[in-house]
Amino acid sequence: MRRSALLILGLGFMACAAQESGIRTPDEYVAEQERLADEQAKAKAARGDDRMDADEETDTEENAKWDQSHAELELKRATRSAQTCPEALPVEEQAKVERGVAKVTLIFANAGHAKTATIDPPYAETPVGKCVLRALSAVIVPAFVGDEHTVSWEVDLRKQEPEAGAKGKKGQ
């Protein structure tokens, strides 16, 4: 009898300790989560925020879109390289190059790499045109979701004046 009284007393003590220590049953946990969700929905309604959660765009989804400013930055860098293509030819070939503006069309795949690159005449199928396409098709933009993205870009192939400070010092 004494043993059973101690056993009952011990079980009662353990039950009280579990309640005081914050241990919850699965049903209590689910009930608390439902209560918190209801409070959150009421607070959202009180703010007048009636947009559906599914329509809201997360930061991750926003970052996954086509980044036009980054693409332009990378294309400008590649353009500086492409503008040197006429000077990369042998001297006798440089005189034959038509100096003008080359129009390039790039199609970017979702991974961020140029899938295709084409150049309009008179540069199509010329050494200068191939050089320009190599420079621009090497552009990599951040990966994005959605359809492939087409970019039309122009490269000025007219002779560039050297920038101030780019001239070598004479007389040394």
Side-chain angles (χ1 to χ4, degrees), residues 29 33-34 36-172:
Y29 181 75
Q33 293 301 311
E34 288 174 346
L36 291 172
D38 289 341
E39 288 176 10
Q40 188 177 26
K42 288 176 186 175
K44 190 173 183 179
R47 288 192 310 265
D49 191 0
D50 58 353
R51 293 178 294 171
M52 297 296 290
D53 287 335
D55 292 339
E56 292 180 15
E57 200 167 75
T58 65
D59 290 340
T60 304
E61 291 168 335
E62 178 65 29
N63 291 340
K65 288 183 175 181
W66 172 259
D67 187 346
Q68 184 67 29
S69 62
H70 190 137
E72 287 178 6
L73 174 71
E74 294 300 329
L75 286 166
K76 285 177 184 176
R77 288 179 182 164
T79 298
R80 286 193 287 279
S81 176
Q83 287 173 329
T84 66
C85 286
E87 287 78 27
L89 295 174
V91 177
E92 60 275 3
E93 294 291 321
Q94 289 180 20
K96 299 176 188 176
V97 174
E98 183 176 329
R99 300 291 186 137
V101 176
K103 294 182 180 168
V104 179
T105 302
L106 298 156
I107 299 175
F108 287 94
N110 297 101
H113 296 274
K115 181 179 175 182
T116 62
T118 57
I119 191 166
D120 291 351
Y123 300 103
E125 301 303 320
T126 66
V128 170
K130 290 176 184 177
C131 177
V132 169
L133 288 177
R134 272 193 306 274
L136 291 179
S137 63
V139 168
I140 299 173
V141 299
F144 59 95
V145 294
D147 296 333
E148 294 175 341
H149 198 83
T150 302
V151 175
S152 296
W153 196 256
E154 293 183 348
V155 178
D156 188 350
L157 296 173
R158 295 176 286 216
K159 284 200 175 200
Q160 305 294 315
E161 293 298 321
E163 294 180 24
K167 297 180 182 177
K169 294 183 179 180
K170 294 183 181 179
Q172 290 186 346

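Atom set for the values below is all heavy atoms of this structure, side chains included, hydrogens, waters and symmetry mates excluded.
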**Prompt:** Any sub-3.5 Å donor-acceptor pair from Thr84's side-chain atoms to Glu87's backbone N or O?
**Reply:** no
Please name all residues satisfying salt bridge (Lys or Arg N to Asp or Glu O under 4.0 Å) with [X], sequence neighbours left out, ordered by chain then number.
X	value
Arg77	Glu74
Glu34	none
Glu93	Lys96
Lys130	none

**Asked** Are side-chain heavy atoms of Val151 and Trp66 found at a separation under 4.5 Å?
**Response** yes
**Residue pairs involving residues 89-127 (criterion disulfide (SG to SG under 2.5 Å); sequence neighbours excluded)** = none
Mind checking the [atom1]-[atom2] spacing from [X] to [Y]? Nearest 0.5 Å is all I need.
X	Y	atom1	atom2	value
Asp67	Glu72	CG	CD	9.5 Å
Lys65	His149	NZ	NE2	12.5 Å
Trp153	Leu136	CH2	CG	8.5 Å

**Item:** Heavy-atom pair of closest approach, residues Gln94 and Pro86
**Value:** CG-O, 3.1 Å
**Distance-minimising heavy-atom pair for Val155 and Ala82** = CG1-CB, 3.9 Å
Tell me whether [X] at atom [atom1] has more than 12 heavy atoms from other residues, nucleotides or ligands lying less than 6.0 Å away.
X	atom1	value
Asp38	CG	yes
Glu125	CD	no
Gln33	CD	yes

**Complete:** The side-chain contact (heavy atoms from CB on, under 4.5 Å) partner of Leu157 among Val101, Val132, Val97 is Val132
Donor-acceptor pairs under 3.5 Å, side chain of residues 102-117 to any protein atom, not counting sequence neighbours: which ones?
| unit_1 | atom_1 | unit_2 | atom_2 | d |
| --- | --- | --- | --- | --- |
| Asn110 | ND2 | Phe144 | O | 3.2 |
| Asn110 | ND2 | Gly146 | O | 2.6 |
| Lys115 | NZ | Glu148 | OE2 | 2.7 |

